[in-house]
Amino acid sequence: MNNKVTWKPGTFLYPLPVVMVSCGTMEKSNIITVAWTGILNTNPATVYIAVRPTRYSYQFIKEQGEFVINLTNKNLVRATDWCGVKTGSQVDKFKEMKLTKEKANFVKCPMIKESPVSVECKVRDIQEMGSHHVFVADVLAINVDKQYIDERGAFDISKCDLIAYANGHYYALGKKLGKFGFSVQKKKKNRRKKK
């Protein structure tokens, strides 16, 4: 007997990363909250965001051909939600949410200083999928807040308090359960040195 209930086709892949995408220029910018985003390729590093053409940020990104993906954390959950429900055509989201514009290295769009990680992106292609258009972009640079870099110079994601989105709600990511490959990793044997 099947224990699953079957529903009609829809968007039900959860959890999703929820990010704030900054676009425009330092002088005229906007932030759009996006949960339909992800990685497409490693080499070259390629990501995507899916945006409705009716959204205010859509024209910024299409015309300028660049954007910044800013990861979000517990401290940014209110701003993340607010920037997703308000339109930049009527409000200055940076100002209203007290977010700081930070100059990027390779794109004209501002980064969000309060974000733990900001990813500078250059649009390579636009795929018109229907309700959303997918901006396929090359990663030009990854900018990490120094407070999340450990003494070895490695990024410690566990300190970021990142959030995710699932079925209309925001969630804090929980504790680490394992690392990639842990299921097949050989256990180290305790070896005693002979005296």
Side-chain angles (χ1 to χ4, degrees), residues 6-73 76-77 79-91 93-94 99 101-102 104-112 115-144 157 162-171 173 180:
T6 302
W7 291 337
K8 65 179 183 176
T11 55
F12 209 84
L13 281 175
Y14 297 117
L16 299 166
V18 59
V19 300
M20 290 192 287
V21 174
S22 48
C23 54
T25 62
M26 292 295 283
E27 297 74 35
K28 186 176 182 183
S29 56
N30 193 44
I31 301 168
I32 180 173
T33 299
V34 173
W36 293 358
T37 182
I39 299 166
L40 290 172
N41 196 51
T42 304
N43 190 13
T46 311
V47 295
Y48 77 92
I49 59 170
V51 181
R52 288 182 184 270
T54 55
R55 297 293 297 267
Y56 180 68
S57 292
Y58 178 87
Q59 283 306 114
F60 279 97
I61 297 168
K62 185 175 182 181
E63 290 172 11
Q64 195 170 330
E66 56 190 28
F67 57 88
V68 177
I69 295 174
N70 300 277
L71 300 190
T72 55
N73 59 18
L76 292 170
V77 69
T80 301
D81 183 66
W82 197 88
C83 289
V85 296
K86 296 290 184 177
T87 176
S89 65
Q90 297 175 2
V91 294
K93 296 181 184 182
F94 275 97
L99 296 172
K101 294 180 187 183
E102 191 169 43
N105 296 298
F106 299 99
V107 298
K108 294 177 183 171
C109 314
M111 299 185 292
I112 299 173
S115 170
V117 178
S118 297
V119 183
E120 298 180 52
C121 304
K122 180 79 173 169
V123 176
R124 181 197 307 174
D125 190 27
I126 303 172
Q127 297 288 324
E128 297 183 10
M129 305 299 291
S131 64
H132 288 66
H133 291 185
V134 175
F135 291 97
V136 176
D138 294 317
V139 174
L140 302 182
I142 299 169
N143 304 278
V144 179
I157 199 166
L162 296 177
I163 59 173
Y165 181 82
N167 203 23
H169 301 276
Y170 303 97
Y171 295 90
L173 295 181
F180 179 75

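Computed from a predicted structure; not experimentally measured. We're numbering straight along the sequence, starting at 1.
Classified by interplanar angle (parallel below 30°, tilted 30° to 60°, perpendicular above 60°), the ring pair Tyr165/Tyr14 is perpendicular. Ring geometry for Phe135 versus Tyr58: interplanar angle of 30 to 60°, hence tilted.
Judged purely by atom type and a 3.5 angstrom limit, Lys93 uses its side chain to pair as donor or acceptor with the backbone of Ile31. With hydrogens and angles disregarded, no donor-acceptor distance shorter than 3.5 Å links the side chain of Thr46 to the backbone of Asn41.
Salt-bridge check for Arg124 with Asp138: passed, with a basic side-chain N closer than 4.0 Å to an acidic carboxylate O.
Side chain to side chain, Tyr56 and Asn30 fail the donor-acceptor criterion of an N or O pair below 3.5 Å.
For the atom pair CD1 of Ile32 and CZ of Phe60, the computed distance is 11.0 Å after rounding to the nearest 0.5 Å. Between the SG atom of Cys23 and the CD atom of Gln59 there is a distance of 11.0 Å, given to the nearest 0.5 Å. Of the inter-residue distances, the one linking Ile61 atom CD1 with Glu66 atom CD reads 10.5 Å to the nearest 0.5 angstrom. In this structure, the separation between CD1 on Ile163 and CG on Leu76 is 7.5 Å, given to the nearest 0.5 Å.
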Item to check | Worked verdict on Thr33 versus Val18 for side chain to side chain contact (heavy atoms under 4.5 Å, CB included) | outcome: CA-CA 7 Å; Thr33 299; Val18 59; 3.7 Å; yes
Item to check | Step-by-step side chain to side chain contact (heavy atoms under 4.5 Å, CB included) determination, Lys108 to Met26 | outcome: CA-CA 7 Å; Lys108 294 177 183 171; Met26 292 295 283; over 6 Å; no
Checklist entry - Passes side chain to side chain donor-acceptor pair (under 3.5 Å), Ser22 versus Asn70? Steps please. => result CA-CA 7 Å; Ser22 48; Asn70 300 277; 3.0 Å; yes
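Considering only residues two or more places apart in sequence or on other chains, Ser29 meets the side-chain hydrogen bond (donor to acceptor under 3.5 Å, both in side chains) condition with Lys101.
In this structure the side chain of Phe67 never reaches within 4.5 angstrom of the side chain of Val107, judged on heavy atoms.
The only member of Ile142, Ile157, Asn143 that meets side-chain contact (heavy atoms from CB on, under 4.5 Å) when paired with Val117 is Ile142.
Between Lys122 and Gly65, the closest heavy-atom pair is CD-O, 3.5 Å.
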